Structures are given as structure tokens and as C-alpha cells.
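Got a structure for you, written out below as C-alpha cells; questions coming shortly.
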Amino acid sequence: MKNFFSRPVSELLTKNPFVDNYKKMWPFVKPYWFRALLGLGLALPVGALDATVAMFMKYYTDDVLVAKNASFAAYIPLLIIGFVLVQSILTYVVKYLNSWVGNKITLDVRKKLFCKLLSMHSGYFDTTDSGYIMMRYNGDADTACNGLINNLRMIVTRVFSTITLIFVLFYNSWQLTLIAVGAFSAAGALIFIVRRKLEELVRNTVVINSIAMRAYNEMFNGNRTVAAYNLQEDQERRFNELMDNVFCLNMDMVKHTGWLSPVMHFIVSLGLALVFWQSSSMIVNGTITSGNFTSFVAALLMLYTPVKTMGDNYVDIKKAFLAIDRIFEIFALKTAISDKSGALTLTGVHKEICFNHVSFAYKPGVYVLKDINLTVPVGTTVALVGNSGGGKSTIVSLLPRFYSVTKGSITIDGVNIENFTLKSLRDHISVVFQDNFLFTGTIRDNILIGRPGATEQDLQEAVKNAHLDDFIRTLKNGLDTELGERGLTLSGGQRQRVAIARAFIRQAPIVILDEATSALDNKSEAVVQKALDNLTKNRTVFVIAHRLSTVVNADKIVVLNEGRIVESGTHDELLREPNGAYASLYNAQFKKREH
């Protein structure tokens, strides 16, 4: 206790979690400070009017009920009604202003959180589940911001109400006030008993709720797998176990905090009983009047209501503060992929792309690529083939810097790609994945993602070169046909051709085809392959292919095995090595087709 009082006031304010959290949120509150301040300013008379009504009770009791002053009786009820009416109007205005400010701040925080999410590197999404992201990036914003503003309004109103009501109590009887304040103080002290346990429970609640969100998300995205494998009972069992855990956690919350309000209620009631016991003798002795007692009890009951619910309010405040802490933990995250200071703008690819002794590990020390050396001249096509898990997709993920090289470097025209801005680097690369993501919206919207400023002529050319025009003509709304979520209303081949049109309209000099046809049937593959041939003309192309028949015309075929390049050359050159890795892969596929 001595150390506490010996610390400077500035340090105490800095360490105060209430002050600290409001300091964190000030940049978001600042644009709306006038409305926020006005709302808080109007909250002051809202609290003070409680005391005014309590004070009038003294004069009404003494002058009307005791002294039988009829003239006084006429206007006191009108004054009380007037004060209560003003209080009600101010309460509405304060609630509206605070809701407006709270929702505005929530929107700004959500926007910044979403912007932060957009800046995170691919590795972050590999290790973070969807339920966690939805809870942390969306739910916490509402809990923190609306909770912050509403709690601040509540605190200002109740603190000012408490101060004025205590003044009324002292005005009527300082002896009875000491008894009442003592009981209230004892009730308030109980909060500190559950403080640490409450923090632990709230954190656990966030974790379990994020897992629940993930379960819904997995069910939505994996509904066909669930149906195909009859996983309904298994999924139901897992979800029921999860809900049982949620129930236990909620009951823990009730067990450790639910007793606060009733115990505080009991302690305050003891204080009330002592007040009534003491006031009886004081009224008889003439120490206080009947009006003093009536006014005192009215003020005490008004003061009793907020104190009684203080435990529940503390839980809400703590949830808001913990949500603020979690939000700023996210803001403090550093993305592993970002622009260097003074990064260059890539203006074109003129000579070659080189992988120089490149090694890469998703986890420290566990390398999936080992000493890769590869030179790709501009305008050539290099195919990456090999067994699954050999590192093919990882190589092409390093070029647009979805991940950073662990060892070595990748250069474009002799300049390390880490020295270019991410935007300019990725503007020069088009990627067609095996399973391309289509956004909610029209076919037009999804193609123009490749280059939002493209002309209608560019769009039509991209559609034609992607062999999408015949399909578009069968649709009532053509390019303006709504796809729905993830474009699942289209077939696999149609989705691939939309993605190829998106890549085509980008007009990027580097094209990455990551097993773009492996999931298609022969008929769809033939159409998509024609579209890919149009896309790759006069461009530098990286092809990952499972079907070797699609890469026989590549300028260079690179065979990877366990993260290393074991062979490279043209199709004909590699087949001249009958015991080579490529020849073995090719012959194995050829024999399968014969059978």
C-alpha cells in the first residue's frame, strides 16, 4: 500500500486499465469527439436529476404531509413531473448520440481490422482458422466499441448520479450516510475477488466461440463431403460436444460471477436495515425530520439500483476492455511480407527470372525446397513436374511473394524481387489456380477483378480468348449473370475459363498455371487447354502439371523430387534417359492410359 501511494499520479493514470483502454481508442473517437462529448455532457444532468427528485421529497413530506401546506402541494408534483420529463428526453438524446458514435467507431475499427487482414501474408491464413478470424476481426469490434461508449455513458451518468445522491444523503443525515456508504463500499469490494477469474473465463469464451464459428463455416463449405460420406452423425456428435463445452464455460461464468449481484444485494439490504433501525431513534429524538428521512430513503433507493447491478456491469466492462486488448493485439501483428523502405516499382520483365540457391521452409528447419537453381528467359515456358509434395506449388508461390524465400534469392532482370513493391510485382503476374475462387457478383465483375479499368473491348477479347463466349451466349443475362457465393453454380470447366479470362484481361507478362486442368474431365480439359494456349502466347509461363501430356511442348521441363531439381530439359531430351525420373513418370502415365 505504501508503494502505491508513493507512485506519481501520472504513472497511476498510465497503468489504469480504464484510462489505458480509452487512450488506445482515442484515434477512433477523435473524429466524433464533439458528439461523444455532447452525449457525455448531457449524461451529467440525467444523473443529477435523480438527486433533484429525492431532494423534493423532503419538502413535500415536511410541508405537505406534516405541515398540511396545501399551496405547496399544488406545484411540487408538477415540478417532479417536469424534472422527470426533462430527464427522459435527455436520456433518449444521450442514448441516440452514444449509439451513433458507438456504431461509427465500430465501423471504423472493422474497416481497419479488415484492412489489416488484407495485408496479412499467406502463412498467417495457413495457421489461423476461419472461426478465429470471424470472432476476432468482426465480433470483438462490436463488443469493444459499443461496449466502450455505452459503459462510458453509464459510468458518467451513474458516477454523477451517485455523487449528487450522496450529497442529498449527507444533507439529510451524515450519520445515516456513513452507514449506507459503508454497506455500498463493502458490496463494491467484492468485484476484486472475481477479477482475475473473470478475465480467464472471458478469454476461454472467445476461444470456444471461435471454434463454434469454425464448425458452422466448415459445415457450409464442406456440405457435399458431409453428405457424400454420411458424416451427419459424426458432425452432430462433434458439434454437441462443442456445445457441451460452451454450456460448461457459461455455467462457470455464472458460478464465479453470478453470485455477485445477489450477495451485493444482501449486503446493501443489511445497510438499509441498519439505516431504518438507526433512523427510528433519530426521528423520535428530533435529530432528523420525517422529510429528511423520506428524502434520505428515496435517494438511498435510487443509489441502490446501480450498486445492485454493479457486478453485472463490471462483467460487461471487462468484456469490452478485453476485446479492446485483443483488437490492438491484431493491430500490432507484423506481416511477414511487406514493402521494403524505398522499394522499387517493377516496370517490366525484359531478360530473365532466376532462382538462385533458393531454399524454403514453412516451419523452421523443415525445408520443402532445397537449393533450387533455375533460370527462365523471358517469353519461355517452364513446366514443373514430379510426385506430389515435391515442392512444385511452393516454387510458384515464392515468385509473387505469397511467402518469402528462406535462403537464396529470386531475381527479375538481376534485381531481387524483395526490392520491388508488392503491388508492382504482382501486377506483372497472372495466376490460374487448380481451384479458382470466384467472388459473389456477376461474371463481368469476376473477370474485371483482373484489371478493373479494362475497356469493354478488352473484356470481350478476354472472354473470346478464354473460350467463354459460347457459354455466355447461353445465359439470359450474359456477362451480368449473378454467380452466387464462390461461383458454385458453374461447372469446373466454366469456373476455370472465367479465371483464365480474368488472367487474360490482366495482360501480365508472367503467367503461373498451378495445375489449372488437373481437376477437369477430358472434354473440359480440351477446351480449357485451348484457352490456356491463348493466354500463354508471348508470355513467360510457369506450368505445374500432373498430366504430362499437357507440357510436352514446354521450352523446359523441370523435374522435382523431395524439394530438389533432379532433372531438367525438353520433353525429347528427358525421354532419352530411359531410367530418368521424367521418363519413369511419363511411361507410368502412358501405361495407365493404355490399360
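Scope of the values below: all heavy atoms of this structure, side chains included, with no hydrogens, waters or symmetry mates. Note that the coordinates shown come from a computational prediction; the quantities given were computed from them, not determined experimentally.
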* Structure fact -> All heavy atoms of Thr421 vs all of Ala343, minimum pair found to be CG2-CB, 3.7 Å
* Asked: Is a donor on one side and an acceptor on the other found under 3.5 Å between the side chain of Asp339 and the backbone of Leu422?
  -> yes
* Heavy-atom closest contact (Arg401 atom, Ile337 atom, distance) -> O-CG2, 3.4 Å
* Asked: Are there more than 12 heavy atoms of other residues, nucleotides or ligands under 6.0 Å from atom NZ of Lys104?
  -> no
* **Trace of the side-chain contact (heavy atoms from CB on, under 4.5 Å) decision for Ile500 with Val498** => CA-CA 5 Å; Ile500 291 168; Val498 171; over 6 Å; no
* Asked: Where do Phe125 and Leu117 come nearest, in terms of heavy atoms and distance?
  -> CZ-O, 3.4 Å
* Just wondering, do Leu513 and Phe542 contact through their side chains at under 4.5 Å, heavy atoms? -> no
* **Reported OH-to-CD1 distance for the pair Tyr367 and Ile372, which is rounded to 0.5 angstrom** => 13.0 Å
* **ring pair (Phe, Tyr, Trp, His ring centres under 6.0 Å) involving Trp100 - partner list, sequence neighbours excluded** => Tyr32
* Determine whether more than 12 heavy atoms belonging to other residues, nucleotides or ligands lie under 6.0 Å from atom CZ of Phe114. => no
* Measure from the side-chain N and O atoms of Arg539 to the backbone N and O of Pro509, and report whether any donor-acceptor pair falls under 3.5 Å. => no
* To do: Give a yes or no on whether the backbone of Ser424 and the side-chain of Thr345 come within a donor-acceptor separation of less than 3.5 Å.
  => no
* Just how far is it from atom CG of Asp480 to atom CG of Leu475, taken to the nearest 0.5 Å? -> 10.5 Å
* Checking Thr335 side chain against Ser119 main chain: does a donor-acceptor pair fall under 3.5 Å? -> yes
* **Presence of salt bridge, Arg238 and Glu233, under 4.0 angstrom** => no
* **For the student: nearest non-hydrogen atoms of Gly478 and Ile443, plus distance** => O-CD1, 4.1 Å
* **From Ser393 atom OG to Asp514 atom CG, the distance as rounded to the nearest 0.5 Å** => 3.5 Å
* Closest heavy-atom contact between Ile353 and Val349? -> CG1-CG1, 4.4 Å
* Asked: Quick one: does Val94's side chain get under 4.5 Å of Leu97's, heavy atoms only?
  -> no
* To do: Start with the C-alpha distance between Ser430 and Ile512, add both sets of side-chain angles, then the distance that settles side-chain contact (heavy atoms from CB on, under 4.5 Å), and finish with yes or no.
  => CA-CA 6 Å; Ser430 292; Ile512 295 173; over 6 Å; no
* **For Arg110 against Ala141, the heavy-atom pair lying closest together** => CG-CB, 3.5 Å
* Could I get the full list of ring pair (Phe, Tyr, Trp, His ring centres under 6.0 Å) partners for Tyr362, not counting sequence neighbours? => Phe360, Tyr403
* Asked: In terms of side-chain heavy atoms, does Thr442 have a donor or acceptor partner in Asp445 at a distance below 3.5 Å?
  -> yes
* Do Ile447 and Leu468 have side chains that get closer than 4.5 Å, going by heavy atoms? -> yes
* Full working for side-chain contact (heavy atoms from CB on, under 4.5 Å) between Glu456 and Arg444 -> CA-CA 10 Å; Glu456 184 65 24; Arg444 182 191 301 274; 3.0 Å; yes
* Less than 4.5 Å apart, any side-chain heavy atom of Ile327 and any of Tyr137? -> no
* In terms of side-chain heavy atoms, does Asn416 have a donor or acceptor partner in Ser409 at a distance below 3.5 Å? -> no
* Decide whether a cation-pi geometry holds between Lys112 and Phe331; the criteria are a distance under 6.0 Å from NZ or CZ to the six-membered ring centre and an angle within 45° of the ring axis. => yes
* **Side-chain touch Leu479/Gln460, heavy atoms, less than 4.5 angstrom** => yes
* Asked: Looking only at atom types and distance, does a side-chain atom of Asp458 sit under 3.5 Å from a main-chain N or O of Ala454, one as donor and one as acceptor?
  -> no
* To do: Answer yes or no: is there a donor N or O on one side and an acceptor on the other, between the side chain of Gln496 and the main chain of Phe433, under 3.5 Å?
  => yes
* Asked: Between Cys354 and Ile410, is any pair of side-chain heavy atoms under 4.5 Å apart?
  -> no
* To do: May I ask you to decide if Ala508's main-chain N or O and His428's side chain share a donor-acceptor pair within less than 3.5 Å?
  => no
* To do: Return each pair, listed once, that meets salt bridge (Lys or Arg N to Asp or Glu O under 4.0 Å) where at least one residue sits in residues 498-509; pairs must be two or more places apart or across chains.
  => Asp427-Arg506
* Euclidean distance, Lys116 NZ relative to Leu118 CG, rounded to 0.5 Å -> 11.5 Å
* Decide side-chain contact (heavy atoms from CB on, under 4.5 Å) for Val358 and Leu398; before the verdict, give the C-alpha distance in whole Å, the side-chain angles of both, and the deciding distance to 0.1 Å. => CA-CA 10 Å; Val358 170; Leu398 296 178; 3.8 Å; yes
* To do: Flag the pair Arg326 / Ile330 as yes when at least one side-chain heavy-atom distance between them is below 4.5 Å, and no otherwise.
  => no
* To do: Starting at CG of Asn446, measure out to OG1 of Thr481 and round the result to the nearest 0.5 Å.
  => 11.5 Å
* Asked: Out of curiosity, Ile412 CD1 to Phe420 CZ, how far, rounded to the nearest 0.5 Å?
  -> 5.5 Å
* **Flag side-chain contact, heavy atom, 4.5 Å: Leu459 against Thr455** => no
* Heavy-atom neighbours of Lys370 NZ exceed 12 at 6.0 Å -> yes
